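In what follows, a structure is listed as structure tokens, so that the remarks can point back to it.
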Amino acid sequence: MPREFITLPPLYYRDHFREMIGFLTSVYGAMLGTEERAFITRFEALDEWAQCLYIRMSNRKKVVFSPRDLAYQEIGDLWGGLDQLRAHGFIREIDVRDYRACLDDRPKPDLIDLARGYQLEVKSGWSKPKLVAFLHEHLPYERFSSGFLRSDHFVPEHKETLGFLLYLYFGKLSDNMTSFALRDLGVVSVKARDSYQARFETLEEARAGYFYTRQLRALKDGTDFRVLAETLDGWPVPLAEPAIGLRDTLLHQIGLAFERHKDNAAALSIYARSGAFESHERSVRLLYNIGAAEEAKVRLEAMLESPAHDEEYIFASDFYARKFGQQRIGVYTQLLRSAETIEVDELYRGDAEFAAMQVYARQGWTAYHTENGLWPVLFGLVFWEELFGSGAGFASEFDHRPQSLKDKTFHTRFSGEIAEKLERVQSGAAPKMLRETIRQKQGAPNGLFYWFEGLEALVTSFLTVAPPESVAILLQKMAEDFHALRDGFPDLVLIRDGQVRFVEIKGEGDQIRRHQLARLNLLRNIGFEADICRVTYRTDPDQVYVVVDVETTGGRPPNDRVTEIGAVKVRKGEIIGEWSSLINPEKRIPHFITQLTGISNDMVRDAPKFIDIADDFADFMEGAVFVAHNATFDHGFIASEFRRIERRFRHPKLCTCAAMRKHYPGQASYGLANLCRAFNIELVNHHRALADARAAAALLNLVNEKRLEMYLPNAKNRKNITVD
């Protein structure tokens, strides 16, 4: 079907603003402050053109405007609108407060001319920010305004009030209303609901959240942290989440800034006012580093006596053990010491999780790469009605996650429903309950997880073997604080013969993060087997390889298609299996391709399509390394064919062309035919898939001989592969 293009009405931006104002007035009502109500009243009194002009300015990042910046075709009366805005206080004349913005608004060549016109020495190679900073410091505003600033420039007013209204609506800082346009164009998905709840319970709480969010952005944008610290006593008092968390984060960032500037006393003072665990940790580390070890020890003992959460306990126990010479072994150390190590072929380097899955599969485990794709799924499916049903609380149609999860009221608001659902989980009814939810809600958008192929199989397999009481405990903890437990879970879930294991996979050089250890510790404490597995790499003499060659209709997937696949399975230098098939490419084969490969349209007319052989080929490739002479080409075509049928093709790759260049340098040519001649490898029927795959298998054997010598210097394991 042709794509349907949506055209927005001429005054869509003004209509969006009025839509937002109407929404805020209906949802927040009397909770809006005097400034907000006055702004809305005065805005509604403007005529259409004045409203359009103001919203146009508000949707742009510019600070300083002139009439030339607002020559929009749909605005019928520009000058009349500007007169109204000026009369009602929505725009004002420029003054010294806007000096920096005026400089930012000018192009770089103008700034250079300005500086040189006042005999200020600048260099054309300076960046624009450097030029702006230099002029702001060395050229008085009076000189700039008298000689360079045009009299028709002005600045929109009420930016703070407008920003606060946008914050109430979106729950975050927003400079414009682009989201509404994206919604109308179908780019952003939303779900209209029968009713909405206010994002904040009180105006004071909303203002506190807005304040701390703005200060965090200002700090990120370069505001001097010392200036923020000096105003600390005047900050609004946060009374609930998320404002408390924002305040603590801001304090932590300021404390870090003081630390970076070696002002340890100020850093400790700031950390002391933050409730964030990260600030408590930094305080302990800083005290120890400056020689106040006893005070650090006292704080650690307090953490161990009453830890706020697993992460705090893990940090305190291990820091205490390492720094104060006690015999107490921390959870961190225990988990690291208990980590198993598995060795895989070096070709899996960079994909440790996939490599580990292959090893566990050979041990009889069904391995799922879930990471954070299991527990949020279980949580969302168990409590779907409470989270997304008619009684769920959303603050706007753009919110995908209910407000009760953000402000941590979910467990109290739905305490009865949660208890009833968890009782069903403990009774063993979860598999059936969740299968029904999946079939009813499959694909429905939500703010907790993505639907994926195999989700139902994963959920059913896991809940069939997982201890119901343990599952219920973790879901209860997520209900109490979903944000704290939304991530950090182990990479793999392993299931075998009624057993279930969680495993965090770490490749060489990977670091274990504290929140990952905390999740492992939590899973262990509630009855699951949860471990760390370290993956090391070497050339594995037992690794299975499948050497592949494809013939195609041309050189560019996905426009060109596969016409033939030949594959040779190799282990310990011996061919242990072969697979080949002509494939109907569902398009004509060009004449020059037929001349090259010998494969004609008549030959593939009755051949199977790729979708018909995909399962068989995937089974042949299972657990193997993908090898080809120019692996990027062959792997790319096969991966493209799998994507066409909405499946993923994933295997580590080895290119015999690149590997021969590395291990056998100095050859005149590294084409397949030339290498076969150079190394006395028989190649018949060149450019037919199975024949080329057999020849490349012989090259693989040469390559692996060199690769194995790196780990087994005395190995005598070269095998001769005869190519028919």
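These figures come from a predicted structure and were not determined experimentally.
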Going by the rule side chain to side chain donor-acceptor pair (under 3.5 Å), which residues pair with [X] if we only count those two or more places apart in sequence or in a different chain?
{"X": "Asp345", "value": "Tyr545, Arg707"}
{"X": "Asn674", "value": "Ser669, Arg677"}
{"X": "His687", "value": "none"}
{"X": "Gln476", "value": "Glu480"}

Greater than 12 external heavy atoms within 6.0 Å of [X]'s [atom1]:
{"X": "Asn680", "atom1": "CG", "value": "no"}
{"X": "Glu469", "atom1": "CD", "value": "yes"}
{"X": "Arg588", "atom1": "CZ", "value": "no"}
{"X": "Glu453", "atom1": "CD", "value": "no"}
{"X": "Arg650", "atom1": "CZ", "value": "yes"}
{"X": "Leu596", "atom1": "CG", "value": "yes"}

Aromatic rings [X] and [Y]: how do their planes relate, parallel, tilted or perpendicular, breaks at 30° and 60°?
{"X": "Tyr320", "Y": "Phe324", "answer": "tilted"}
{"X": "Phe502", "Y": "Phe462", "answer": "perpendicular"}
{"X": "Phe617", "Y": "Phe649", "answer": "parallel"}

Distance-only, no hydrogens or angles: does the [X] side chain make a donor-acceptor pair with backbone N or O of [Y] under 3.5 Å?
{"X": "Thr370", "Y": "Gly373", "result": "no"}
{"X": "Asn446", "Y": "Ala444", "result": "yes"}
{"X": "Tyr368", "Y": "Leu374", "result": "no"}
{"X": "Gln667", "Y": "Leu675", "result": "no"}
{"X": "Arg571", "Y": "Val544", "result": "no"}
{"X": "Lys706", "Y": "Tyr664", "result": "no"}
{"X": "Asn685", "Y": "Arg688", "result": "no"}
{"X": "Arg401", "Y": "Gly447", "result": "yes"}
{"X": "Asn289", "Y": "Arg285", "result": "yes"}
{"X": "Asp540", "Y": "Val344", "result": "no"}

Can you name the closest pair of heavy atoms from [X] and [Y] and give their distance?
{"X": "Asp531", "Y": "Leu520", "answer": "O-CD2, 3.7 Å"}
{"X": "Leu463", "Y": "Ala430", "answer": "CD1-CB, 3.8 Å"}
{"X": "Thr552", "Y": "Ile593", "answer": "O-CG2, 3.2 Å"}
{"X": "Phe528", "Y": "Pro467", "answer": "CE2-CD, 3.6 Å"}
{"X": "Ala696", "Y": "Val547", "answer": "CB-CG1, 3.5 Å"}
{"X": "Leu683", "Y": "Ala691", "answer": "CD1-O, 3.9 Å"}

Can you tell whether the side chains of [X] and [Y] come within less than 4.0 Å, N to carboxylate O?
{"X": "Lys609", "Y": "Asp612", "result": "no"}
{"X": "Asp310", "Y": "Arg514", "result": "no"}
{"X": "Arg647", "Y": "Asp615", "result": "yes"}

Which of Lys506, Gln511, Glu371, Glu311 passes side-chain hydrogen bond (donor to acceptor under 3.5 Å, both in side chains) with Gln516? Answer is Lys506

Within the 4.5 Å heavy-atom criterion, are [X] and [Y] side-chain neighbours or not?
{"X": "Phe315", "Y": "Tyr313", "result": "no"}
{"X": "Glu578", "Y": "Arg694", "result": "yes"}
{"X": "Glu564", "Y": "Leu690", "result": "no"}
{"X": "His651", "Y": "Val546", "result": "no"}
{"X": "Phe354", "Y": "His369", "result": "no"}
{"X": "Ile565", "Y": "Trp579", "result": "yes"}
{"X": "Leu455", "Y": "Tyr450", "result": "no"}
{"X": "Val471", "Y": "Ile526", "result": "no"}

Walk me through it: do Val570 and Val627 pass the test side chain to side chain contact (heavy atoms under 4.5 Å, CB included)? CA-CA 10 Å; Val570 178; Val627 183; over 6 Å; no

According to the side-chain hydrogen bond (donor to acceptor under 3.5 Å, both in side chains) rule, which pairs have a member within residues 631-644, sequence neighbours left out? Arg561-Glu641

Sequence neighbours excluded - side-chain hydrogen bond (donor to acceptor under 3.5 Å, both in side chains) pairs with any residue from residues 352-366: Glu340-Tyr360

Only residue of Leu492, Ile505, Val503 satisfying side-chain contact (heavy atoms from CB on, under 4.5 Å) with Met357 is Leu492

